[in-house]
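Heads up, the thing below is written out as structure tokens.
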Amino acid sequence: MSRSNAFLGRKSQLETLVATAETVHASSEPRFILIEGPPGVGKTTLLNEAMSRLAGWSRANVYLDAADQATPGYAAAHLLRKPMRYRAPTDARELAVLVQEQADRIREPVVLVIEDLQWMDPVSAAVIFQTIRELEGVPVLSLVTGRPTTRPELQRLTRYTATAGEALRIVLEPFTQTEVRELIQQQTGLPISGNVAARIHDATGGFPAFLDYLIQKLTVPDEVISAAALDSALQDLDRGEGPAEAQRLLIRQIVEETSADVQEVLALLALARYPLAVHEISDVLGAESVDVEALRNSSLVQESMRSGRFWLQHRMFQRCLVADLPREHRVDLHMRLARTEGGPGAVRHLAQAALLDPSVGDRAGIVESLTDAARTASRTGDTGESLELSRLAFEVERSGSTLETLSFVAMRAGSRIDIESTISWAHSHDDVPPVLRRGMLARDRLERGDLEGTLRFLAGGAELADASPPALLCYADTVLQASRTTGLRGSYWHLFKVAERTVQVLLSLEAQLEADDPAVRTRIATTEQLLAETRGLRVSLQLWRLLEGLVDTEPASFSAEVQKLLDEVRRVPGTESAQMVLLVARGALLRTAGHLTEAYGDLITAIENWPGRNRRALAHAEIHITYLLFEAGLWSEAQAFAESAAAEVLDIREDNVAPVAFNAAHLVPAARGPALGRSFDLHAQTQRMSGTSLGRAGRGFVEAWGATSAQDHERVVSSVLGLQVELNIWSRAITPVVLLGRSLFHSGKAQALPALIIKVRADEHSAPPQREYVLRHLRGLAAMGTGKHAAAYEHLSAAMTTISATPALKSPHVPGDGGALSVYRGLLALDLGHCVLLGIDSLQDKVEQTSEWLLWAASMFQGCGAEGLFHQADELFRSLHKPGAAAGSSERIRLIDLPEGLSSKARFALTALTSREREIALMVGQGLSNKDVAEALVLSVRTVEYHVANALGKLTLESRHALRRMLQDEDDGDLRSA
């Protein structure tokens, strides 16, 4: 599985190397490039990648080692041919003459590679510096790699790159968090959230070899890139697997090159939590002085120019150094630092020393201090600090009380307890609170996929009322996680009883907390924090019970019940996560029930107000917003939300979200058509998740829209029928029925439409206006299928009236354009076009109105970037206006072709005007006066004034200058012009 020296990123540096080589080849003039960077940053890998792209070049190599510094002229002598190399003089001048003579005879392109400049001897440094300066008229590209150094004889080469036009210095650093994010996205084809990028950057340090190892672990062929796969890869790196050993050996070699005193300082800096000044280093080590110059030249430290403090340059160096320190040495340094640092820092050092040596310190006192510090952090809202301190306390003293504290803090932080053997320890020790033990073991079984074991550990519960608040809340959190697991729905009644019992105990705890009962106080959190956690968990469990009963619940009733729960949690500060969950759940139901503006309000409130409080709820909110914006014709915004949700998948560690999120992110690209590139290659990931019901349903919805855009009606039918039988987030929505009905008609299966109409009529949960629109649309298609074109037109035009009144999601919508169902209004316009074409003999008087609807649909689809649907509208429009198709059609020529450069907002707005009003508005927008327009169109000035006034009124603009500004606004850049 391993691959050696994989090249990642560094595109600009690689281009610089290749371009410089091309310059040398073309001009036969030498160039010099110095590539500097810390150990392990990928200098050699960059050099070798550049060499692989230089066909026809010879290569001369000089590889240096630390021992070569003791051999005068070693590096320079290795520039000579072998017969001369072994007789080379050690005098710098004589050696320089020989090297210069050989270099002057070069006629074919040559790359001179010198690796690890920092180990070059002084004689060679002088010779090579002189040779490089005096080379002329020879095609030599000198590529030198090395670590930053303070040696004067080597710094001359660095100064040379800053002053000579034929020289260049490239400084490599580990990849930044932003670069890590971009690389992982490129290599996996998935969007990556900032949180995931931060975790990866923390584990890899941004070093290429570590990133490459993680990428290999994530991109195993035919396997899903999941949160579990990411966790496993990060744990491997934390255990020192993969490239860690090679990096450790490299750092060890660098440390061994330094003096014993510098090695001691490096060890101290590796364990210190903060940068140290020279006098602090001296005090801690008891040294009279510190060799600052040697410390700087180690290439492992960084110095603040303002404060003079030192710290290790990269966390990866810290890890490698600490791993090589003898146990006794680490204990001694931790104890020294504990005496120097104050507060929690000193306690941490004592704890680390105690972990390494059980005889060190007062372990009970250390645990007490850690717990106090964790409590302080918890009470100030610093859950990350509290979790770290609690974890350390449990490691120092594994007991029921420290485990309870750690579990509670981890629950508040939304983190899992990842200490090795914690679960087995809790299972085998008697002092663990029973409720806490059952909750932990149930969570372990749940994460392993053992659903029967989960329920077995959650069952019982007679002791719940006697549990401490932290233990009870940890147990309740496990019950909540289990309730969200789809696979447990088959054991609904068992889980329902557990949840019901838990809710009752939580209600009792709430009453005690509100009464400030001393019996339920705990050191790790304030009473207010306990109340917030208790109420949040309780209402979340009650919400799950409501969701389980949705089959027989009216949306209005569900919404009212959720509002009661919202009112309860809003009375308690710190319940933002629970509020978000409630809003997202209600928004999701309202969306599928057809209450679109209300759904949008709930979902956008959750997203905008509490984006970081509950990332799982955030992902669900973004998924549902995606479908709302998609149906409203705001496809670029929909895609942004979908990709944001997909980026959260590897962070929230709930793989049942993954197929929904990945499918959502694939929806807009599929509907736009294959001609438009995708931001991320999600298709393969979606295919790999097709084994789940959620995966199949989501893919069916994506395929249905892709097939609708491509007019592949047979595939639309199979896709929609497939998604309807799966457990999915569209199960209550009736809008996909329109896709099915249209494709049944267009594929010659209109006889199936009456049964579909009966099914929609029986739907009691959908919003009446939306259901009325769908029924009218389907009845129109059914009438067309039987050749009753006049009746079909009446049904379809009635559907148009109904859908046009749909409220807008956002203000940019023009009133009457279908609002939250703009895309379906566009499909309806297409079917009206088909209806008029099929019944042209009896519907000639409907051509003008239908043309206006098609014109609007074409503009709307163009704004979405839906190429296939735009062309369908365009073709229908032109078919209606072919000679002989309808009276007066020869006067109109592709009115769909609005001027290029119009913004999406302007295109939407112009579709509200009649053709004459639109024509005159565009001319006014070009700066023509009313008189100019009248002369061009052979109209009276008064008539032009009348049309201008009407246009301004419909567009809600105050003046012709405002009209001009609207039409001259630049497009948003996301959409192609027609």
Side-chain angles (χ1 to χ4, degrees), residues 8-9 38 40-42 173-219 225-244 247 273-274 302 311-319 377 381-389 391 409-410 412-418 577 607 610-619 622 640-641 643-655 657-658 661 665 679-680:
L8 293 173
V41 80
E173 293 289 347
F175 294 115
T176 65
Q177 183 175 315
T178 298
E179 290 170 330
V180 165
R181 185 177 185 178
E182 293 172 352
L183 281 169
I184 299 297
Q185 287 178 164
Q186 291 168 7
Q187 297 294 323
T188 64
L190 303 181
I192 299 297
S193 72
N195 288 339
V196 172
R199 291 175 60 207
I200 293 174
H201 186 266
D202 182 65
T204 64
F207 281 80
F210 289 80
L211 275 173
D212 180 56
Y213 177 83
L214 183 137
I215 288 168
Q216 291 180 66
K217 297 284 285 186
L218 290 181
T219 54
I225 304 174
S226 63
L230 176 62
D231 287 344
S232 175
L234 294 178
Q235 288 166 9
D236 287 349
L237 291 176
D238 188 56
R239 288 192 294 265
E241 297 183 16
Q247 183 76 13
R273 293 180 58 83
Y274 310 103
Q302 192 163 338
W311 65 94
L312 287 183
Q313 194 173 24
H314 301 288
R315 287 189 63 186
M316 193 62 66
F317 298 169
Q318 178 186 22
R319 295 172 190 170
D382 190 347
T383 55
E385 175 82 351
S386 181
L387 180 59
E388 181 183 348
L389 292 164
R391 181 180 287 114
V409 172
R412 292 197 69 211
S415 176
R416 291 185 297 180
I417 302 175
D418 52 4
S577 177
I607 290 171
W610 307 299
R613 297 308 299 264
N614 188 323
R615 309 205 72 81
R616 179 184 181 277
L618 174 64
E622 289 176 328
F641 276 109
E643 289 180 359
S644 178
E648 296 291 344
V649 164
L650 295 184
D651 190 39
I652 58 179
R653 299 180 178 89
E654 293 204 28
D655 293 335
V657 179
S679 301
F680 301 95

To the nearest 0.5 Å, what is the distance between [atom1] ([X]) and [atom2] ([Y])?
| X | Y | atom1 | atom2 | answer |
| --- | --- | --- | --- | --- |
| Ile200 | Arg181 | CD1 | CZ | 10.5 Å |
| Asn195 | Glu648 | CG | CD | 6.0 Å |
| Lys217 | Asp236 | NZ | CG | 4.0 Å |
| Phe175 | Gln177 | CZ | CD | 14.5 Å |
| Glu643 | Ser193 | CD | OG | 13.0 Å |
| Asp238 | Leu234 | CG | CG | 9.0 Å |

Contact check, side chains of [X] and [Y], non-hydrogen atoms, under 4.5 Å:
| X | Y | value |
| --- | --- | --- |
| Leu230 | Leu214 | yes |
| Ile184 | Leu211 | yes |
| Ile215 | Leu8 | yes |
| Val649 | Ser226 | no |
| Thr188 | Thr219 | yes |
| His314 | Glu173 | yes |
| Tyr213 | Glu241 | yes |

Which atom names give the shortest non-hydrogen contact between [X] and [Y], and what distance separates them?
| X | Y | value |
| --- | --- | --- |
| Ala203 | Met316 | O-CE, 3.8 Å |
| Ile192 | Leu650 | CD1-CD1, 3.9 Å |
| Pro243 | Ala209 | CG-O, 3.6 Å |
| Ala646 | Ala665 | CB-CB, 4.3 Å |
| Ser644 | Glu622 | OG-OE2, 2.7 Å |
| Leu190 | Gln185 | O-CG, 3.2 Å |

Donor-acceptor pair, [X] side chain versus [Y] backbone, under 3.5 Å?
| X | Y | result |
| --- | --- | --- |
| Arg315 | Gly205 | no |
| Thr204 | Phe207 | no |
| His201 | Glu179 | no |

Item to check | NZ/NE/NH1/NH2 to OD/OE distance under 4.0 Å, Asp231 and Arg199 | outcome: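 Salt bridge: yes.
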